[in-house]
There are 6 protein chains.
Amino acid sequence: MQFDLPLQELYEFRSAAVAPDDFDAFWSETLAEAAAHPLDARFEPMSTRLSTIDVYDVSFGGYAGQRIAAWLMVPRNGVRPLPAVVEYLGYTGGRGHPSESLMWSAAGYAHLLVDCRGQVGADTPDLGCIGAPQSSGLVTRGIEDPRDYYYRRVFTDSVRAVDAVRRFDGVDPDRVIVAGGSQGGGIALAVAGLRSDVIGMISDAPFLCDIMRCSTITDDAPYSELREYLRVQRGKLERAERTISYHDGVHFASRATAPGFFSVGLMDTVCPPSSVFAAHNAYGGSKRMQVWPYNGHENGMGYLRELHLEFAASLAKPEAVVGG
Amino acid sequence: MQFDLPLQELYEFRSAAVAPDDFDAFWSETLAEAAAHPLDARFEPMSTRLSTIDVYDVSFGGYAGQRIAAWLMVPRNGVRPLPAVVEYLGYTGGRGHPSESLMWSAAGYAHLLVDCRGQVGADTPDLGCIGAPQSSGLVTRGIEDPRDYYYRRVFTDSVRAVDAVRRFDGVDPDRVIVAGGSQGGGIALAVAGLRSDVIGMISDAPFLCDIMRCSTITDDAPYSELREYLRVQRGKLERAERTISYHDGVHFASRATAPGFFSVGLMDTVCPPSSVFAAHNAYGGSKRMQVWPYNGHENGMGYLRELHLEFAASLAKPEAVVGG
Amino acid sequence: MQFDLPLQELYEFRSAAVAPDDFDAFWSETLAEAAAHPLDARFEPMSTRLSTIDVYDVSFGGYAGQRIAAWLMVPRNGVRPLPAVVEYLGYTGGRGHPSESLMWSAAGYAHLLVDCRGQVGADTPDLGCIGAPQSSGLVTRGIEDPRDYYYRRVFTDSVRAVDAVRRFDGVDPDRVIVAGGSQGGGIALAVAGLRSDVIGMISDAPFLCDIMRCSTITDDAPYSELREYLRVQRGKLERAERTISYHDGVHFASRATAPGFFSVGLMDTVCPPSSVFAAHNAYGGSKRMQVWPYNGHENGMGYLRELHLEFAASLAKPEAVVGG
Amino acid sequence: MQFDLPLQELYEFRSAAVAPDDFDAFWSETLAEAAAHPLDARFEPMSTRLSTIDVYDVSFGGYAGQRIAAWLMVPRNGVRPLPAVVEYLGYTGGRGHPSESLMWSAAGYAHLLVDCRGQVGADTPDLGCIGAPQSSGLVTRGIEDPRDYYYRRVFTDSVRAVDAVRRFDGVDPDRVIVAGGSQGGGIALAVAGLRSDVIGMISDAPFLCDIMRCSTITDDAPYSELREYLRVQRGKLERAERTISYHDGVHFASRATAPGFFSVGLMDTVCPPSSVFAAHNAYGGSKRMQVWPYNGHENGMGYLRELHLEFAASLAKPEAVVGG
Amino acid sequence: MQFDLPLQELYEFRSAAVAPDDFDAFWSETLAEAAAHPLDARFEPMSTRLSTIDVYDVSFGGYAGQRIAAWLMVPRNGVRPLPAVVEYLGYTGGRGHPSESLMWSAAGYAHLLVDCRGQVGADTPDLGCIGAPQSSGLVTRGIEDPRDYYYRRVFTDSVRAVDAVRRFDGVDPDRVIVAGGSQGGGIALAVAGLRSDVIGMISDAPFLCDIMRCSTITDDAPYSELREYLRVQRGKLERAERTISYHDGVHFASRATAPGFFSVGLMDTVCPPSSVFAAHNAYGGSKRMQVWPYNGHENGMGYLRELHLEFAASLAKPEAVVGG
Amino acid sequence: MQFDLPLQELYEFRSAAVAPDDFDAFWSETLAEAAAHPLDARFEPMSTRLSTIDVYDVSFGGYAGQRIAAWLMVPRNGVRPLPAVVEYLGYTGGRGHPSESLMWSAAGYAHLLVDCRGQVGADTPDLGCIGAPQSSGLVTRGIEDPRDYYYRRVFTDSVRAVDAVRRFDGVDPDRVIVAGGSQGGGIALAVAGLRSDVIGMISDAPFLCDIMRCSTITDDAPYSELREYLRVQRGKLERAERTISYHDGVHFASRATAPGFFSVGLMDTVCPPSSVFAAHNAYGGSKRMQVWPYNGHENGMGYLRELHLEFAASLAKPEAVVGG
């Protein structure tokens with residue numbers, strides 16, 4: 001069922017969320033703090049049964065220099081230097097097994113798949129967790145203070161991932177694209193808003209956009225985690241709103257400049273269409289929106305792949321493999 | 001629906017869980033580490049609108065000396081020294097508002113209601129959290145290592161709460177009862193297994209008993225959190241089993257010596273009857289089981305109150321208020 | 001999810017329900033009929049294990065003089081005369097065990113907790129039941145005629161409870177407050193609309209307001225009982241509407257004069273926010289609305305207690321216990 | 001899903017329910033009390049748009065002489081005297097519109113469709129209701145005492161319906177069959193157990209068999225009403241069991257002597273297969289069981305019609321219409 | 001819950017669906033193709049246990065001359081010639097057992113109950129099925145091309161059924177009414193739009209009206225089958241829309257001229273009220289709408305029977321049986 | 001929840017299903033009929049954005065020579081001849097976009113991904129469909145006769161796919177492995193039972209094993225489609241059983257000789273563990289079972305990939321790419 005605004009109104013929709021005055025200062029300081037720790041990106045070759053792709057077990061210093069895991073997949077015979085795609089994960093996911101995610105490297109990109117700290121499938125702990133009372137999940141971890149908030153650490157890790165992939169010998173540092181879906185789409189938006197030097201951004205059904213409103217218009221997880229927290233902690237709404245205001249994708253979107261690709265399912269109750277359009281409509285770079293009228297959060301699935309490859313190719317111009 | 005074993009089999013049921021050889025050593029060391037930090041129990045009188053009960057905002061040093069919040073309610077005109085009930089909370093709960101829990105103090109007990117660190121309704125952070133990957137909720141927090149496990153900290157806090165209530169002027173240190181339902185019932189069991197100097201234990205529909213088996217026989221939260229973790233982290237079953245083996249209520253039960261009161265709903269899908277009987281049947285002290293054939297996890301509700309008061313009175317013999 | 005009107009519209013919302021011309025006559029006659037039977041309030045001291053509170057098993061003559069059960073809790077050492085709170089119960093509830101409800105007496109009030117006839121947890125039968133065809137539950141019992149309707153009897157009992165508490169030696173008849181949540185909130189509204197001599201009214205998430213509209217905007221029980229009846233008895237809509245028109249909380253609200261305290265959860269699908277505001281906005285006395293943006297029918301829980309105590313204290317000015 | 005015992009065990013299954021010593025005395029007295037009131041069966045011809053069937057609006061004195069509604073449908077040109085089928089209704093139903101139930105009369109039977117007092121779709125009130133506390137629905141109405149129990153009145157009405165149909169001019173009093181499905185099947189069983197002068201009994205998926213056990217093995221309504229009552233009224237299990245023991249279909253079955261037709265769906269969670277077999281296996285007359293392995297409570301639907309007509313014809317031998 | 005437009009707006013609602021230019025040509029050709037095959041209506045007398053009604057096992061040539069099954073029920077002693085009702089079935093249904101549907105024949109009509117090809121309960125295969133990829137069910141069978149679409153065959157069969165009933169000796173060919181509910185209501189609309197020679201049309205809660213819009217405003221089956229198809233086949237929306245445009249009940253409605261009876265439940269989530277009104281408001285003949293404010297897709301049930309009989313009698317004027 | 005047999009019993013479990021005497025003759029004839037049609041395997045090179053993998057759009061003659069679509073992915077620089085993996089799809093799926101499934105080709109295999117006729121996501125119609133009445137979905141399509149049954153066509157297509165991949169220039173015909181999960185796992189089993197010349201079989205959580213029993217022990221789709229059919233078509237159980245007996249994976253398993261890899265989730269309600277073990281325990285070749293105690297039908301996901309690659313490499317010994 002299409003439960004949100006009609007499509008024509010979605011294209012006009014503007015979030016009522018307002019960024020705090022010190023939004024940019026908050027993030028400048030945050031990233032500066034992280035930069036004070038060594039990046040120390042390490043790429044350890046993995047022995048796999050794949051023969052067209054080389055895989056590296058990656059780690060680098062993220063928020064507070066804490067080690068973040070990732071996989072790097074590169075086409076074995078690809079022409080160097082390679083453009084790169086830095087991909088962020090959906091909620092609860094982990095970097096998994098490299099063989100699960102072979103498209104970008106098969107298409108001639110160095111592909112960095114970045115773990116998300118502390119999530120159930122991850123290999124990376126959320127060392128910065130302070131154990132404050134929270135509802136189930138990670139959306140309200142540290143929500144009482146913007147400086148303690150879980151996504152402050154995640155976004156910082158994710159920005160640092162862009163630096164990490166550039167340290168890999170064979171990657172062209174001037175052709176890095178950030179990408180992701182759902183939570184990963186929200187992270188990609190944040191990175192695009194914080195880093196003017198990426199050349200493209202792909203955000204499918206992004207989570208973490210127009211967050212406070214989403215907590216009142218859908219009952220689905222993970223926005224429901226925020227609702228659940230506020231259901232119990234009735235006196236902490238203002239503090240939560242303040243913390244969220246430093247992390248809303250709508251504010252990152254308006255600061256982004258790289259070309260952006262968005263997609264949305266009009267029946268998505270996890271990341272409601274109006275919140276995806278809120279980010280899209282605010283987005284500062286050139287942009288494209290792919291609408292799926294009959295899809296929910298599963299979004300475009302295989303249909304997105306060709307669109308992603310086209311969008312990325314138009315920006316990064318990967319070359320074929322040697323001898324291909 | 002009664003979905004678990006028939007009642008006659010429940011009375012015979014024995015958990016297959018086995019305690020590790022160093023179970024007692026693990027807990028001796030854990031409690032010794034905590035004891036190395038000052039208890040520093042503080043009782044700050046609260047201004048409330050209650051006129052028969054005095055309320056104190058309590059804090060004390062729990063695990064690693066981290067401050068744990070509690071409420072102490074005492075009958076304003078009760079005859080000193082007072083027997084005490086230390087009560088632990090159900091999952092996700094917090095100590096709440098003192099006026100929500102007035103029975104024990106109205107019946108002549110000093111009543112310490114102990115917060116549970118990090119839970120969504122709590123006033124106490126889980127400072128010991130290391131942010132390791134986990135499923136939603138708290139049941140798998142730190143599950144990769146028994147020393148990092150969430151309930152190691154909670155049980156330690158809860159043992160220390162017994163010491164704390166004894167520091168209150170007017171409490172008789174030789175008449176302390178521990179009590180709770182659901183998670184609180186699991187905690188009361190643990191404390192009774194770790195502290196031979198409490199004079200009674202009340203455990204209604206206890207959580208955290210025969211844990212691994214429960215993770216395979218019910219889909220309800222919070223045992224489902226363990227299932228969800230193992231669903232994703234397919235390679236970590238042995239590590240999880242090892243951690244759980246140091247925290248299973250069945251093992252605490254067999255070490256307890258104080259008289260115990262148990263209750264169970266035969267339709268309880270949250271804390272399955274066989275797991276409650278597993279603890280009861282293993283319990284080392286004298287014991288009583290109250291069975292509700294048509295109840296689920298809501299258990300006995302108001303019907304339990306008279307039973308609790310009788311059980312406690314038979315052990316602690318509270319006196320009436322002055323002039324009462 | 002916030003499914004009802006936006007908050008700003010809720011403050012403006014007016015029910016379309018219209019009271020019948022003889023609404024006041026209907027209730028005058030109803031109460032006069034009841035008054036023709038002896039009240040015969042009896043207060044039998046109970047032996048309990050509580051030492052700060054005295055408990056009385058109460059009965060009095062309600063509708064048609066039928067005996068209604070209640071508990072009276074009074075602070076043992078409270079300064080007489082005591083202000084009183086007459087509390088009504090939520091749907092399906094019964095007066096339960098006195099130790100479940102100790103706040104008002106602990107705060108210095110005589111607290112009458114009134115049973116609700118015929119409900120599954122009650123000690124009081126609904127002797128006036130005529131057995132007419134009805135859907136499950138009590139909402140449609142006797143709905144074919146206003147004189148046979150279940151809530152006519154309940155409201156009459158509830159008005160008589162105010163008289164009953166005044167007969168207790170030690171209660172100040174000029175300081176009686178009526179209170180309740182959900183069904184109890186609807187009853188409190190009705191009593192406040194029928195009795196100008198109460199000094200305050202507390203109504204949390206009241207049921208039975210703007211009833212016909214509620215039967216079309218929510219699927220949750222107990223409004224669904226009315227929908228279910230009309231789903232089957234397709235020809236009796238007009239009769240049902242007529243009966244309801246004599247019992248809608250909106251009409252009682254407009255007749256009330258005592259100061260009123262309301263609360264509402266904006267995600268309440270049981271008693272939709274617009275129906276709570278319908279009563280609040282029509283309320284004839286001074287009034288206050290406490291809004292919980294992220295709560296459903298669980299409403300404010302512990303957070304309400306302090307607000308209730310403050311509101312009541314501002315009106316009833318209870319004194320501390322002797323020697324307190 | 002087939003959730004109950006395997007089919008071979010079902011054929012061996014015996015209910016553990018035990019009839020009270022005075023079961024037969026209880027019912028003799030009950031029926032004698034009813035017989036002391038005039039039956040006064042009235043048959044008012046209805047004007048309908050049906051041209052092959054004549055319809056009569058029937059009423060007769062049931063329990064305590066209270067008027068019970070029914071429809072009588074007779075083939076306009078059928079050869080007199082006609083055999084008769086007295087049919088009882090499923091839970092919540094009412095006699096409805098005569099045109100909904102035309103099979104028996106079209107097949108040459110006088111067909112009495114008996115209303116069920118107080119049910120939401122009925123035209124007959126349950127005048128004997130005493131308003132005692134009960135859970136939603138009718139299953140626990142008056143459950144504290146066998147003499148007040150709802151089904152005592154219903155079964156008495158239903159026995160009297162057999163007498164009523166015999167008063168209709170043109171009915172052969174020696175060829176009366178009782179029939180029904182679900183609640184109606186339970187009633188037919190009861191009537192067959194109480195009246196040795198019916199010549200056949202049809203009971204599809206009967207409700208009200210092995211009642212106490214059913215309240216623990218299914219969560220579906222209406223057995224859930226009993227569970228819900230006992231969930232709340234924890235202290236009234238023995239009283240409920242006693243009342244039920246006078247009304248369990250298993251006890252009526254063992255007293256029946258007329259040939260019986262049963263049917264059961266092996267996936268029926270409303271009236272579990274073992275309870276249907278409990279009645280069938282105890283049944284005192286010759287009997288036949290039709291098993292539907294893949295059906296739930298919808299049972300055989302249209303497939304039953306031919307079976308019912310055959311079974312009835314083998315006993316009642318209806319003749320064709322005049323000129324047919 | 002009433003989830004669709006308010007009643008006053010429903011009466012004004014107009015579908016945005018537009019018929020293709022060649023809609024009428026498409027259907028003329030379709031019916032002409034069918035007419036090129038012999039109708040060959042066969043009426044085989046059945047031996048049943050019914051004595052007031054004669055039953056015939058019917059078959060006739062439908063789409064592409066494929067044999068379609070039906071039952072014909074006629075009053076044994078009815079006065080010839082008889083008016084006729086041709087009834088179409090709800091989704092998944094089959095013609096079932098003749099004794100399930102006796103009202104029309106009992107009221108003096110020849111009643112043809114037409115099977116729906118390929119549905120799970122049917123006796124008639126869908127020989128024209130081409131096996132194209134489709135979602136579960138039949139709504140998207142052959143949806144890629146209007147000529148392959150399932151309902152093209154069904155509507156053609158259903159038009160031919162009108163011809164078939166006229167071939168029965170004793171039926172008055174000038175008094176044929178078409179009728180049905182849900183899918184059957186959609187079919188009746190289609191036949192009324194394609195055949196100007198029927199004298200009445202009854203359509204209860206019709207399916208297949210304003211189809212594309214329905215696929216976005218409800219999640220219930222069977223409109224969900226279309227949503228599911230488009231969820232997967234993201235690239236085939238235009239083709240599906242084109243196919244649907246030849247089969248939407250709104251377009252048939254505007255072409256109908258016979259008096260029409262409609263009914264709607266305002267809580268119907270299967271066939272949303274606005275889609276029923278879309279057909280009603282577009283209907284070309286005189287029309288009547290029966291609104292059930294508290295009903296879902298179950299609609300009027302028994303209450304409809306008297307209304308149907310009245311409506312049909314006003315048009316077809318059936319006579320009583322001989323000797324009646 | 002683990003709802004099926006305990007693990008130790010699963011290893012001993014034997015299906016009660018019995019193959020018909022002419023099972024082998026049925027399949028010999030079926031395959032011979034198919035072989036009478038030309039295979040005509042066509043491999044059309046696709047232009048994609050992938051640079052390490054070459055993709056071919058494949059079609060070949062399956063059942064009755066009907067064209068079946070597939071993708072072939074081959075490593076661009078892989079050393080010829082290549083071993084091959086023929087993969088079958090899960091229920092409702094289609095071959096999708098080639099970039100979704102890159103593991104096997106990246107690991108040095110020619111990878112044929114075979115479409116499944118008529119499924120919602122497929123590019124291949126089920127031309128052999130005869131339109132017989134069926135429940136939703138494909139499991140009961142043509143179930144009245146084994147020769148008309150849907151899976152007869154699918155299994156035949158799937159056998160032919162093995163022939164097709166061997167026609168590709170560069171594939172080693174002596175190193176073909178068949179693989180799939182869920183429906184694809186059932187198909188792989190069938191092919192392994194029908195073709196002794198494949199060198200390995202991978203079957204994850206196979207559907208279509210011990211089918212009749214599964215239709216009674218789970219309510220989940222797609223086994224529920226069979227239950228739904230038999231729920232309605234009460235008289236066709238024997239015919240359905242007969243048809244199923246020619247298509248049960250247990251019978252194919254006992255005829256297989258190639259080494260087999262199985263996996264099972266002990267909480268799988270879609271393909272219950274006992275049915276997976278029924279196939280495994282009957283399997284004729286050497287075999288390995290991977291058990292996931294806490295997984296449902298999602299089974300091992302990424303964890304399976306390494307296991308699959310190891311199992312396949314031990315049999316097929318793929319070589320690295322040129323220059324790798």
Side-chain angles (χ1 to χ4, degrees), chain A residues 46-55 71 73-79 82-83 85 89 93-109 111 113 120-121 123 294 298 300-314 316-324, chain F residues 46-55 71 73-79 82-83 85 89 93-109 111 113 120-121 123 294 298 300-314 316-324:
Chain A
M46 297 286 289
S47 167
T48 75
R49 293 186 182 278
L50 305 179
S51 50
T52 61
I53 305 291
D54 291 317
V55 180
W71 296 123
M73 278 77 75
V74 289
R76 184 163 298 176
N77 295 336
V79 177
L82 298 162
V85 171
L89 293 165
R95 59 175 185 166
H97 188 278
S99 64
E100 293 178 280
S101 188
L102 295 172
M103 182 187 80
W104 288 113
S105 53
Y109 296 82
H111 176 207
L113 189 63
V120 61
D123 293 330
Y294 284 88
E298 78 284 359
M301 296 177 76
Y303 285 72
L304 276 174
R305 291 177 172 258
E306 200 58 44
L307 301 173
H308 287 172
L309 289 173
E310 279 175 35
F311 176 75
S314 72
K317 303 184 181 18
E319 295 182 51
V321 294
V322 173
Chain F
M46 298 285 288
S47 168
T48 75
R49 293 186 182 278
L50 305 180
S51 50
T52 63
I53 306 290
D54 290 319
V55 180
W71 296 124
M73 279 76 77
V74 290
R76 183 162 299 176
N77 296 334
V79 178
L82 297 163
V85 170
L89 293 167
R95 60 177 183 165
H97 188 278
S99 66
E100 293 178 281
S101 187
L102 295 172
M103 183 188 79
W104 288 113
S105 53
Y109 297 82
H111 176 207
L113 189 62
V120 63
D123 292 330
Y294 284 87
E298 78 283 0
M301 297 177 75
Y303 284 72
L304 276 174
R305 293 180 170 255
E306 199 58 44
L307 300 172
H308 286 171
L309 289 173
E310 278 175 35
F311 176 75
S314 73
K317 298 181 184 27
E319 294 184 54
V321 294
V322 174

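In what follows, every heavy atom counts, from backbone to side chain, and hydrogens, waters and symmetry copies are set aside. Throughout, protein chains are lettered first and strands after them, A, B, ... in sequence-line order, and every chain is numbered starting at 1.
In this structure a side-chain-to-backbone donor-acceptor pair under 3.5 Å is present from F:Ser51 to A:Ala106.
Comparing A:Pro98, A:Ala313, A:Ser99 by how many heavy-atom pairs each has under 4.5 Å with chain F, the most go to A:Ser99.
Put simply, NE2 on A:His97 and CG on F:Leu309 are 6.5 Å apart, with the number rounded to the nearest 0.5 Å. A distance of 7.0 Å separates CD1 in A:Ile53 from CD1 in F:Ile53, rounded to the nearest 0.5 Å. In this structure, OG1 on A:Thr48 lies 12.5 Å from CZ on F:Arg305, to the nearest 0.5 angstrom. A:Met103 contributes atom CE, which lies 11.0 Å from atom CZ of F:Arg49 (distance to the nearest 0.5 angstrom).
Heavy-atom neighbours of A:Met46 CE from other residues, nucleotides or ligands within 6.0 Å: above the threshold of 12.
Residue contact with chain A, scored on non-hydrogen atoms closer than 4.5 Å, involves the backbone of F:Ser105 exclusively.
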